[in-house]
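We name chains A, B, ... by the order of the sequence lines, and we start the count at 1 in each one. Excluded from the calculations below are hydrogen atoms, water molecules and symmetry mates; all remaining heavy atoms, backbone and side chain alike, are included.
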Protein chains: 2
Amino acid sequence: MPGQKAPENQRKEQILQAAFKVASSEGLDKLTVRRVAANAGLSNGLVFFHFKSKDALLVALLDWLLEGTIATRIRPEIASLPSAKERLLAIVRHEISRLPDKRQQVELFFSFWAMGTRHPQVRHKIQERLEHYRAMFRPLAAEILAQDPATLPGISAESLSAMVVAIIEGCAMQVTMAPEHFDVEAFIASTERLFGIRVPGLELYI
Amino acid sequence: MPGQKAPENQRKEQILQAAFKVASSEGLDKLTVRRVAANAGLSNGLVFFHFKSKDALLVALLDWLLEGTIATRIRPEIASLPSAKERLLAIVRHEISRLPDKRQQVELFFSFWAMGTRHPQVRHKIQERLEHYRAMFRPLAAEILAQDPATLPGISAESLSAMVVAIIEGCAMQVTMAPEHFDVEAFIASTERLFGIRVPGLELYI
DNA sequence: ACACTTATTGACTCTGTGATCAACAAGGGA
DNA sequence: TCCCTTGTTGATCACAGAGTCAATAAGTGT
């Protein structure tokens, strides 16, 4: 006996939340349509009605995850900082410091990353986001490089953005793998020192 | 009708190689005991005879992968370089430049990494290797920091090693996800510039 | 020759999964 | 009131997977 109809597309959101719950608590490999449906208190058939297949559900979950997890623009309080270097490092600090709180999301993101190596659609979505993420840093990197072209000769804004992203992602990997043995604050401090900030009289690099 | 007996533990190696072939060509999630057995030209029962369970097979595969993939010691030609900074950067260059060739291994490694978030044994093995990897850089980092304590105040060899590992892993992630859009050479160059080498007269940092 | 341990096979069981579908409920318009 | 579209259910199907097991072959010691 069918239950109540839900208004609009609340059902999709409800199912996606259940899917996230399952994936983040049991792992993406243990996610099944039945488990998601049970977690949402719905029948499995309904999941196939709203998302045509399990694969489509996973892709939708990835969208849902990226939407709510990856930074997509520079926050106003950071955008108002005077120098490009400060802005870039403020973003890095912000991105890294929130990693421990966003651990479930980050873990699931890595699962999708692994999945993406064999799944063209997932791969494409992650590539897009990665590119978007790098693009957020590129103007800052360009400004930094333009201010003093002599210090980092032959380096493009592109590769400097890639470096920043690598540092953030690499930190994320280590945090997810060994959160108890990884000192996030020290890591942030190292990044800032390496990029030459807060060391009076030594601000030569970048 | 049982087939020929294989000498010693050649069978285990044979099965592990088949497992790697399956995992790297179809993805770790598509790895089944049957597929591995078929790929090795053996019966599925034999896989369970040599490895007690699929789980144990996966753990053995991880060992096999780590054994042959992750650098575990500093190569002699690098160890003979005069300065600690040069040695560290030579390792980084070596590690990054071989990423495109080791892409299958790296992809599989990331799959295990994702698996490790829910699998204590896998997690532990990866943690160990990660720590071992960091430990390889630590003496170099310590030496670099000791040579000029003023330039990078308050930074530990530990966090500097973590930074180096983050850069390598973060680069690996981007290479696996978008190998055609990622300029490995430019990335290596950026790393070297950032760490202040090959820029005559500007070798202040690190 | 004979027993005994170790490999090896493939059929078999049991469980769970993705997907389908007929049935049925709810609401909205004509 | 009567359709007709949209939701919703749970039974059902076909199938694949992990793991078991009796049977059997190949060595190994005696």
Spacing between [X] atom [atom1] and [N] atom [atom2], to the nearest angstrom:
X     : N      : atom1 : atom2 : value
A/K52 : C/dT20 : NZ    : C1'   : 15 Å
B/D29 : D/dG17 : CG    : P     : 12 Å
A/Q14 : D/dT8  : CD    : C1'   : 12 Å
A/F48 : D/dC13 : CZ    : P     : 17 Å
B/L42 : C/dT6  : CG    : P     : 20 Å

Exercise for the section: Could you tell me whether B/W113 and A/F110 have their ring centroids closer than 6.0 angstrom? Expected result: no
With respect to the side chain of [X], which nucleotide from [options] is positioned closest?
X     : options               : result
B/L46 : D/dT20, D/dT8, C/dA7  : C/dA7
A/S53 : D/dT20, C/dA19, D/dT9 : C/dA19
B/F49 : D/dT6, C/dA7, D/dG10  : C/dA7

Practice task
Check whether any side-chain nitrogen or oxygen of B/H50 sits under 4.0 Å from OP1 or OP2 of C/dT6, and answer yes or no.
Solution key: no
Problem - A/R138/A/E131 ion pair, N-O < 4.0 Å - result: yes
Exercise for the section: Would you mind checking if A/K102 and A/E107 are paired as a salt bridge, meaning a charged N to carboxylate O distance below 4.0 Å? Expected result: no
Problem - Validation row: A/M115, B/D29 side chains within 4.5 angstrom (heavy atoms) - result: no
Exercise for the section: State, with a plain yes or no, whether a side-chain heavy atom of A/F182 is found less than 4.5 Å away from one of A/M177. Expected result: no
Problem - Under 3.5 Å side-chain donor-acceptor pair for A/Y133 and A/E95 - result: yes
Please write out each protein N/O paired with an N/O of nucleotides 12-17 of chain C under 3.5 Å, distance rounded to 0.1 Å.
residue	atom	partner	partner atom	Å
C/dC12	N4	B/R34	NH2	3.4

